[in-house]
Amino acid sequence: MQKRSVANLKAFQFFFHSAATIIISFLPLYFKNEGLTGTEIGWLLAIGPFVSLLVQPFSGYMSDKYQTVKRVLIVCLIGLILSSTVLFQMNSFAALMLAGAMFFCFMSPIGALGDSLAQKTADQRKIPFGSIRTWGSIGFSTTALITGQVLSIIGVGNMIFPYLFYAGSAFLLSFFISDVKVSQQPVKFVEAGKLLKNQKLVLFLFFMMFITVTHRANDSFIAIYITQLGGDESLVGIAWFAGVASEAVMFALSTLWFRRFHELTFMFVAGLLYGTRWVIYSFIDQPMTLIGFQVLHGICFAIFYLSGFQYVTRIIPRHLQSTGHLLFVSVFFGLSGILGSLLGGMIMDQAGGHTLYRLMSYFAFAGSAAFILYRLVSKRMARNTRVSHHLS
């Protein structure tokens, strides 16, 4: 029964991330096909991260309060499917903004809740988190490749059909996954809110944003950048496949490399890799060359995300794990997504993709350096805490 439960969770990861890849990879092209400008696309893509800032921590709190991830997931998936049918019927910019807010309200918590459940399941079963999470990356990469080819034939305007297939499959599978309780301690809203007063956590999330803003800007505009370089929808799919396939490999092999060093050391290295990646992208003038370097996506993201997720798990109370996990994800994909989408859209319109990626490299290198500072500050904070406990 336990093996079947883990298998169902892996399948859920596969199908939800398959649905997510269609949104992440091709929604900017869909909006462009609808005649929107880069700035308008930036605003629409920023709606999702903005909504997630409110919805994700609340969903985590509800999950901790009622000790269930499964039921929260089911509610979100029902809303996701209903709201997506509305979104793809809208034509005007104002209507798309409203429908997009509704859509992302339900979509944004699902991936984070799934990862939180995967982390709890992995801890309970004594298996690597990466062995479960890698199935999300497998779904993302294979679907990006397949959907890119399909949309090049049927047109990006029909992306709702493959999307609904994967989202519907994830919804059905959500009934067959199992909840995991990590604590019997009741959770109060005031107590969950105290996470924002955790100086170590808040400082970590702030420094993290120097890198995650660049990650999210790339998510939003790599498809448009590829078309600027002369590519089409099929090449966008291949680019995402190449990147996320390497991500899946990194998650699957996490038992071999993870925990060999401190999480912050891995995040420092990932920041350097992100900066190097953006420098390379800023000089590329052929779409196939960009695809060749997409393997760096999986290496950068897998190292950074897995290390960050595990570090947050380490520094927050056990009974607030879901709340802490979704706070981490809301900053990673939410607040960073707002800044990445809005600033990226304006830079893309005014100066083009080459300039955008060059500026992104500066931020990533600064973020990598910031983790050295954070490591020093966190050690001092820990030392001061030990001294105060000793004196008391």
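Model, not experiment: these values are computed from the prediction.
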Check your understanding: According to the salt bridge (Lys or Arg N to Asp or Glu O under 4.0 Å) rule, which pairs have a member within residues 93-117, sequence neighbours left out?
Key -> D115-R133
Review point. Quick one: does S378's side chain have a donor or acceptor within less than 3.5 Å of a partner on R375's backbone?
Key: yes
Check your understanding: Quick one: which of Y30, F26, F161 gives a ring-ring contact (aromatic ring centres under 6.0 Å, His included) with F88?
Key -> Y30
Review point. Does some side-chain heavy atom of L173 sit less than 4.5 Å from a side-chain heavy atom of L9?
Key: no
Study note, to complete from the structure: Taking every heavy atom of Q56 against every heavy atom of S108, the minimum-distance pair comes out as NE2-O, 2.6 Å
Exercise for review: Measure the spacing between CZ of F251 and CH2 of W135 and express it to the nearest 0.5 Å.
Suggested key: 14.5 Å
**Study point:** Under 3.5 Å: donor-acceptor pair, side chain of S307, backbone of F304
**Key:** no
Point to revise | Spacing of Y274 atom OH and S368 atom OG [to the nearest 0.5 Å] | key: 12.0 Å
Check your understanding: Do T21 and T143 meet the criterion of a side-chain donor-acceptor pair at a distance under 3.5 Å?
Key -> no
**Study point:** Distance in Å, S83 OG paired with I78 CD1, rounded so as to fall on 0.5 Å steps
**Key:** 11.5 Å
Check your understanding: Is there side-chain contact between T255 and S131, with at least one heavy-atom pair below 4.5 Å?
Key -> no
Check your understanding: Are K120 and D123 close enough for a salt bridge, meaning some N to O gap below 4.0 Å?
Key -> no
Review point. Should K32 and T227 count as side-chain neighbours, where that means a heavy-atom distance under 4.5 Å?
Key: yes
Review point. Rounded to the nearest 0.5 Å, what separation is found between the NZ atom of K10 and the CD1 atom of I138?
Key: 9.0 Å
Exercise for review: State which residues pass salt bridge (charged side-chain N to carboxylate O under 4.0 Å, His left out) with E263; sequence neighbours excluded, sorted by chain then number.
Suggested key: R314
Point to revise | Minimum heavy-atom distance H354-S282, with the two atoms named | key: CD2-O, 2.8 Å
Review point. Does any pair with a residue in residues 74-91 pass salt bridge (Lys or Arg N to Asp or Glu O under 4.0 Å), and if so which ones, sequence neighbours excluded?
Key: none
Exercise for review: Quick one: list whatever passes ring pair (Phe, Tyr, Trp, His ring centres under 6.0 Å) with F309, sequence neighbours left out.
Suggested key: F129, Y305, H325, F328
Check your understanding: When rounded to the nearest 0.5 angstrom, what is the spacing between OG in S336 and CG in D219?
Key -> 10.5 Å
Study note, to complete from the structure: Between I41 and P28 the two heavy atoms that sit nearest each other are CD1-O, 3.8 Å
Check your understanding: If you round to the nearest 0.5 Å, how far is CZ of F140 from CZ of F14?
Key -> 12.5 Å
Review point. Looking only at atom types and distance, does a side-chain atom of D179 sit under 3.5 Å from a main-chain N or O of K70, one as donor and one as acceptor?
Key: yes
Review point. Any donor and acceptor pair, going by atom type alone, linking the side chain of Q89 with main-chain N or O of V86 inside 3.5 Å?
Key: no
Practice item. Using a 4.5 Å cut-off on heavy atoms from C-beta on, say whether the side chain of W240 contacts that of T147. Key: no
**Study point:** Heavy-atom neighbours of Q149 CD exceed 12 at 6.0 Å
**Key:** yes
Exercise for review: For T121 and L117, indicate whether the former's side chain and the latter's backbone hold a donor-acceptor pair under 3.5 Å.
Suggested key: yes
Check your understanding: Of Y357, F363, Y362, which is the lone residue that meets ring-ring contact (aromatic ring centres under 6.0 Å, His included) with W278?
Key -> Y357
Practice item. Grab the two heavy atoms, one from I284 and one from Y225, that are nearest each other, plus how far apart they are. Key: O-OH, 3.5 Å
Practice item. Using side chain to side chain donor-acceptor pair (under 3.5 Å) as the criterion, list what pairs up with Y281, not counting sequence neighbours. Key: R277, Q294
Check your understanding: Shortest non-hydrogen contact from S63 to V69?
Key -> OG-CG2, 3.1 Å
Study note, to complete from the structure: Which of F221, F210, F301 passes ring-ring contact (aromatic ring centres under 6.0 Å, His included) with H215? It is F301
Check your understanding: Which atom names give the shortest non-hydrogen contact between N158 and L151, and what distance separates them?
Key -> C-CD2, 4.4 Å
Practice item. Tell me, please, which residues at least two apart from F175 pass ring pair (Phe, Tyr, Trp, His ring centres under 6.0 Å). Key: F171
Review point. Is the number of heavy atoms from other residues, nucleotides or ligands under 6.0 Å of Y166 OH greater than 12?
Key: yes
Practice item. Please check if the side chain of T85 supplies one atom and the backbone of L82 the other of a donor-acceptor pair under 3.5 Å. Key: yes
